[in-house]
2 protein chains.
Amino acid sequence: MIVDKSMNAVAPQPLTRADEAFDCLQTAIVTGDLAPGEKIGEVELCARFKLTRGPLREALGRLESRGLLVRRPHAGVKVVSVSADELMELYRIREAMEGLAARQAAERMTDQEIADLQATLDSHETMIEEARGQAYYQAEGDYDFHHRIATGSRNAKLAQMLLGDLYYMVRMYRYRLSTSSGRPHRALGEHRRIVEAIAQRDGELAEFLMQRHINAARKNIEQKISDGLLDI
Amino acid sequence: MIVDKSMNAVAPQPLTRADEAFDCLQTAIVTGDLAPGEKIGEVELCARFKLTRGPLREALGRLESRGLLVRRPHAGVKVVSVSADELMELYRIREAMEGLAARQAAERMTDQEIADLQATLDSHETMIEEARGQAYYQAEGDYDFHHRIATGSRNAKLAQMLLGDLYYMVRMYRYRLSTSSGRPHRALGEHRRIVEAIAQRDGELAEFLMQRHINAARKNIEQKISDGLLDI
DNA sequence: ATCGCAATGATTGTCGACAAAAGCATGAAT
DNA sequence: ATTCATGCTTTTGTCGACAATCATTGCGAT
């Protein structure tokens, strides 16, 4: 029984209300418009996003199974609030999964994709040097880099778990932490070395460098938290 | 801002229709009652599981975001069908994530949990020796072992992703593959060595052994597929 | 005979109303 | 004064009907 891979392709254009609701709520949670720990009623959400309860409930179910909010029957929904420890655990998961992604990306990315990835880093560099984009780099540029590697792994489930589950939770804290300091420069250098390894098709090295990169990011946040510079 | 970890606790007892629908559909997919690739209408599902469309749709949304079925707007839902390649990719993800789980379990499991884990393996051994439980061991016993290690990692998100996302997809194929041969004995030996490493609190070794264990399982399936012994 | 178009049928997406459960406040009893 | 019970209010869970969209089938034209 041969199965066509493309059968499980991504959903096409027709956006349904439930999809809109899902996107709205997701960005609202990530950007902090809906604060962690905040308990919020369905009717209030309907009014806020101009929706009816049907699509809204469907979106809430999806958000719940992705771990962005918790729902207690008959008691309402609440945005998840992850502790500092749990954030560290997220980084440990990223270390393992993105290491794999980097290794597979080194084996499977096309030459074109690698060139695009290098071009992306170039634009990041100019942004940092012009000193007006540190926040942007930290927030979106970094996400962009990891996004490309996740999809470049050609591992659909891996990309789905990374992009659909983990990154949203991490980005949720990027918004309020906006950790900068001297990391952007170091992070860019680490990114460059990872891409180099990928360009040389050295999967093992790419995996190692990616793991070390994420481990460094984790330690950076951990340090700031223990110094009291960051509240979570 | 101190956040109470227990805030994101598991849902309590009150089961709602949507939860029932979710469980029903999930087991139906895993056991193969709903065949992969099968296109199925909402009203048919309602009749089959004695539900109304409201809770059903909510369950469908959850199943979709977990990757167990795909939904094209206005065109119905379809059970996912993963190719042989995609199954191999799942094992690669497991290798990375369960390696991490084993390492953290070695660092964090209680002595009681480790004793329980060893007892579990003992019961598996008697089951295999009595030769009447190979299929059971392969199907449920193995799942039991990995389940305990995932929760023993004390990494809530990791356990959620492993138990909620990956295992269901793997179990879905366990049912129809029922791969046995001489693996059960070897697998049990590998399990024992992993637990030994955990009992000695040797996280690195536990991680290495777990990765090798899953890698061996993957190669075993890969071999059978290329030999034409297994259809997917 | 085959291809394209249109109308019909079926299925999904959406909406509003009803019912059930939980939370809260008030009041009474210890 | 504190605690428990009871009623009310609010919110969630559920249901059935309506509207929008897609798939199919039949007809006509080339």
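Note that the coordinates shown come from a computational prediction; the quantities given were computed from them, not determined experimentally. Reminder, nothing fancy here: chain letters follow the sequence lines and each chain counts from 1.
Nearest approach of Ala106(B) to Gly203(B), heavy atoms of both residues: CB-CA, 3.6 Å. For Gly61(A) against Arg62(B), the heavy-atom pair with the smallest separation is O-CG, 3.5 Å. When every heavy atom of Glu95(A) is checked against every heavy atom of Ile214(A), the shortest pair comes out as N-CG2, 3.9 Å.
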Worksheet, complete the sentence: Under a 4.0 Å heavy-atom criterion, the protein footprint on nucleotides 10-15 of chain D, written with B, S and -, is --BBBS

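Note: CG (Leu45(B)) to P (dT11(C)) measures 12 Å, nearest angstrom.
Among residues at least two apart or in separate chains, there is no salt bridge (Lys or Arg N to Asp or Glu O under 4.0 Å) pair with a member in residues 20-38 of chain B.
Relative ring orientation between Tyr143(B) and Tyr167(B) is described as perpendicular, the plane-to-plane angle rising above 60° on a 0-90° scale split at 30° and 60°. The aromatic rings of His213(B) and His146(B) lie parallel to each other, with less than 30° between the two planes, well short of the 60° mark.
Across its full length, the helix from dA1(C)-dT30(D) to dT30(C)-dA1(D) shows an angle of 20° between the axes of its 5 terminal pairs at either end, rounded to 10 degrees.
Between Glu42(B) and Arg57(B), at least one side-chain nitrogen of the basic residue sits less than 4.0 Å from a carboxylate oxygen of the acidic one, meeting the salt-bridge criterion.
Met88(B) has its side chain within reach of Glu222(B): a pair of non-hydrogen atoms, C-beta onward, lies under 4.5 Å apart.
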